[in-house]
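Written out below as C-alpha cells is the structure these notes cover.
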Number of protein chains: 2
Amino acid sequence: MVADGSNSPRAPRRSKTDVVNAALALLDRVGLPDLSMRRLADELGVQPSALYWHVENKQELLAAVSARILAPVAAGGALGAALPLGEAARLLGERLHDRLLAHRDGAEVVSSSLALGLVPSPLHLVLAEGYPDAGHAPQVVADAVTHFVVGYTFHEQQRTAADAFGVAARTAALTPADVTRPSPDPFAAALALITAAADLPAASEPSARR
Amino acid sequence: MVADGSNSPRAPRRSKTDVVNAALALLDRVGLPDLSMRRLADELGVQPSALYWHVENKQELLAAVSARILAPVAAGGALGAALPLGEAARLLGERLHDRLLAHRDGAEVVSSSLALGLVPSPLHLVLAEGYPDAGHAPQVVADAVTHFVVGYTFHEQQRTAADAFGVAARTAALTPADVTRPSPDPFAAALALITAAADLPAASEPSARR
DNA sequence: ACCTGAACACCGTTCAAGT
DNA sequence: ACCTGAACACCGTTCAAGT
C-alpha cells in the first residue's frame with residue numbers, strides 16, 4: 001500500500017532501449033521489408049500504438065537502430081598511431097563495412113538514416129577530430145569513403161539476399177565467365193583507390209593541376 | 001464491323017512507355033514517398049490493377065524509371081578524346097550527378113534499382129568498353145565513383161527537401177559557423193580525390209606498396 | 001508513466017470476369 | 001490485348017481513455 005507501488009509483480013514495462021533492442025533483433029531475423037511497427041509491437045507483446053510513446057515515428061526508431069549499428073566504428077580506439085589521413089580513412093572504411101555486414105540490411109537502414117541526417121557520420125567525426133589542421137581534407141575523404149562503403153555494401157547485401165533465393169540464374173546469364181574470379185577483392189581495391197590520393201601532396205585542394 | 005475494330009473512337013489504351021512516362025512525371029511532382037501504384041493509376045484514369053498488365057510489380061516500374069533517368073549518362077558521346085581513365089570517370093561522375101539531380105528523389109530511386117541489380121550501371125558499361133586493356137581498373141573506378149555519387153546525391157536531395165520544409169533550424173544548431181562556407185565544392189572535391197589515384201602508376205593493383 | 005482499443009487513411013498485389 | 005471490380009492481407013499514425 002506504499003505510494004510508489006513497488007510491492008507486487010508489476011507488468012513488464014518497456015524502456016526505449018528495449019524497443020530499439022527488439023527492433024535490431026527483429027531486423028536481423030526478418031529483414032527490413034518485414035520490419036513493421038505492428039510486427040515489432042507483437043514481438044514486444046504490446047499494441048502498435050504503445051510504440052509511439054517510446055518513439056516519435058518509424059524513421060526515428062530506425063535512426064536509433066542505425067546509431068547502434070554504427071557505434072563500434074567510432075569507438076574501438078580512435079586510431080592509435082599517428083597514421084596518414086588516407087590510411088586512417090581506409091581503416092575506418094573497413095570497420096564501417098564490417099559493422100554494416102554484421103546486421104541484415106544494415107547498409108540500407110544506415111543509408112537512409114544518414115541521408116535524412118538523423119544519425120551522425122562516424123567517419124566525419126573521427127577524422128575531423130584526428131586531423132584538425134588538415135583543412136577540408138578530412139571531410140572530403142570522409143564523404144568519399146562513407147558514401148562509397150555504404151553504397152557498395154547495400155549492393156552487396158541485396159545481391160547475397162537474392163542469391164539466397166533462386167535469382168542466381170539471371171545474374172549468371174548476364175556475366176560470361178569472369179564472375180567466378182571477378183578481381184582479388186573489388187571492395188578493398190576501390191577503397192584503396194579512394195584513400196590513396198588523400199596522402200599525396202596537394203591533395204587538399206583540387207585546383208592544383210600540375 | 002471489321003475484325004480489328006479500328007472504326008470507332010476507342011478507349012485510350014496505354015502502353016508500358018505511357019506508364020513509365022506517367023510515373024516519372026508523378027515522381028517529379030509528388031516525390032517518391034507519395035508515388036504509389038494507386039495514385040499513378042488515378043493519374044492515368046485507370047484501376048490500380050490495370051498497371052499490373054504493363055508491369056510485373058512496383059520495383060520493376062521503378063527500375064524502368066531509373067533506366068530513363070540514367071540513359072543520358074551513357075549516351076551523349078561516350079567520351080570523345082582519349083582521356084586518361086581517371087579523367088573519364090570524373091566526367092561521367094559529373095554527368096551522373098546532373099542526371100540524378102534532374103529528377104525529384106532521383107538518387108534514391110536509382111540507388112535501390114542499382115542495388116537490386118534491376119538496372120545496369122552506366123559507368124561500368126562505358127568504362128569497360130572504353131578501356132578494354134586496363135585490367136580491373138575500369139571496374140574498380142566505376143564502383144568507387146558510382147557509389148559515391150549516388151550516395152552523396154541521395155544525401156544532398158534529402159537535405160534540400162528538408163530545407164524546403166522548416167527543418168533548417170535543427171541543422172543550423174548542430175553546425176557552428178562553417179556551414180555558410182563549407183568548402184569550395186564538397187562534391188567536386190571528393191570526386192576529384194577518388195579519380196585522381198586512377199591515373200597514377202600502379203593504380204591497377206593495390207598490392208604494390210613500394 | 002506506460003499502455004489499450006478503436007479508428008483513419010492508406011498500401012501492393014491477385015484474380016476472375018468483362019470487352 | 002487491355003482493363004474493371006472486388007477482394008486479401010497488410011501498412012504508419014492518432015487519440016481518447018484506462019491504470
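Throughout, protein chains are lettered first and strands after them, A, B, ... in sequence-line order, and every chain is numbered starting at 1.
Only the C1' atoms considered, C:dC2 is 13 Å distant from D:dA17, to the nearest whole Å. To the nearest whole angstrom, the two P atoms, one in C:dA9 and one in D:dA9, are 24 Å apart.
For the atom pair CG of A:L44 and NE2 of A:H54, the computed distance is 8.0 Å after rounding to the nearest 0.5 Å.
Distances from the side chain of B:H54 to the nucleotides D:dC3, C:dC11, C:dC3 place D:dC3 closest. Counting only heavy atoms from C-beta on, B:R13 has its side chain closest to D:dA1 among C:dT13, D:dA1, D:dT13. Candidate nucleotides D:dG5, D:dT14, C:dC3 were compared by shortest atom distance to the side chain of B:Q47, and D:dG5 ranks first. Comparing D:dC2, C:dC11, C:dT13 by their nearest atom to the side chain of B:W53 picks out D:dC2. Which of D:dG12, C:dT4, C:dT13 sits closest to the side chain of A:A50 comes down to C:dT4. Checked against C:dG12, C:dG5, C:dC3, the side chain of A:S49 finds its nearest nucleotide in C:dG5.
Looking only at side-chain heavy atoms (C-beta outward), A:L61 and A:M37 come within less than 4.5 Å of each other. Within the 4.5 Å cutoff, the side chain of A:L92 has no heavy atoms near those of the A:V145 side chain. Counting heavy atoms from C-beta outward, A:S66 and A:L114 have side chains that stay 4.5 Å or more apart. Taking the side chain as every heavy atom from C-beta outward, A:H97 and A:L191 never approach each other to under 4.5 Å.
One can place CG of A:L40 at 14 Å from C1' of D:dC11, the figure rounded to the nearest angstrom. A straight line from OH of B:Y52 to P of C:dT14 spans 7 Å, rounded to a whole angstrom. A straight line from CD of A:E56 to C1' of D:dT14 spans 13 Å, rounded to a whole angstrom. If you take CG of A:D34 and P of D:dG12, they are 11 Å apart, rounded to a whole angstrom. Rounded to an integer number of Å, the gap from B:R14 CZ to D:dT4 C1' is 12 Å. Whole-Å rounding puts the B:D18 CG to D:dC3 C1' distance at 14 Å. The distance between atom CG of A:L51 and atom C1' of C:dC2, rounded to the nearest whole Å, is 12 Å. In this structure, B:R38 atom CZ and D:dG5 atom C1' are separated by 12 Å, rounded to whole Å.
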### Query
Where does DNA chain D pair, written as one dot-bracket string 5' to 3', with Watson-Crick or G-U pairs under 3.5 Å, ( ) inside the strand, [ ] for crossing pairs and | for another strand?
||.|||||...|||||.||
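The side-chain hydrogen bond (donor to acceptor under 3.5 Å, both in side chains) with B:N21 is formed by just one residue from the set B:R14, B:R68, B:K16; it is B:R68.
Residues A:Y152 and A:F187 place their aromatic rings such that the two centres sit under 6.0 Å apart.
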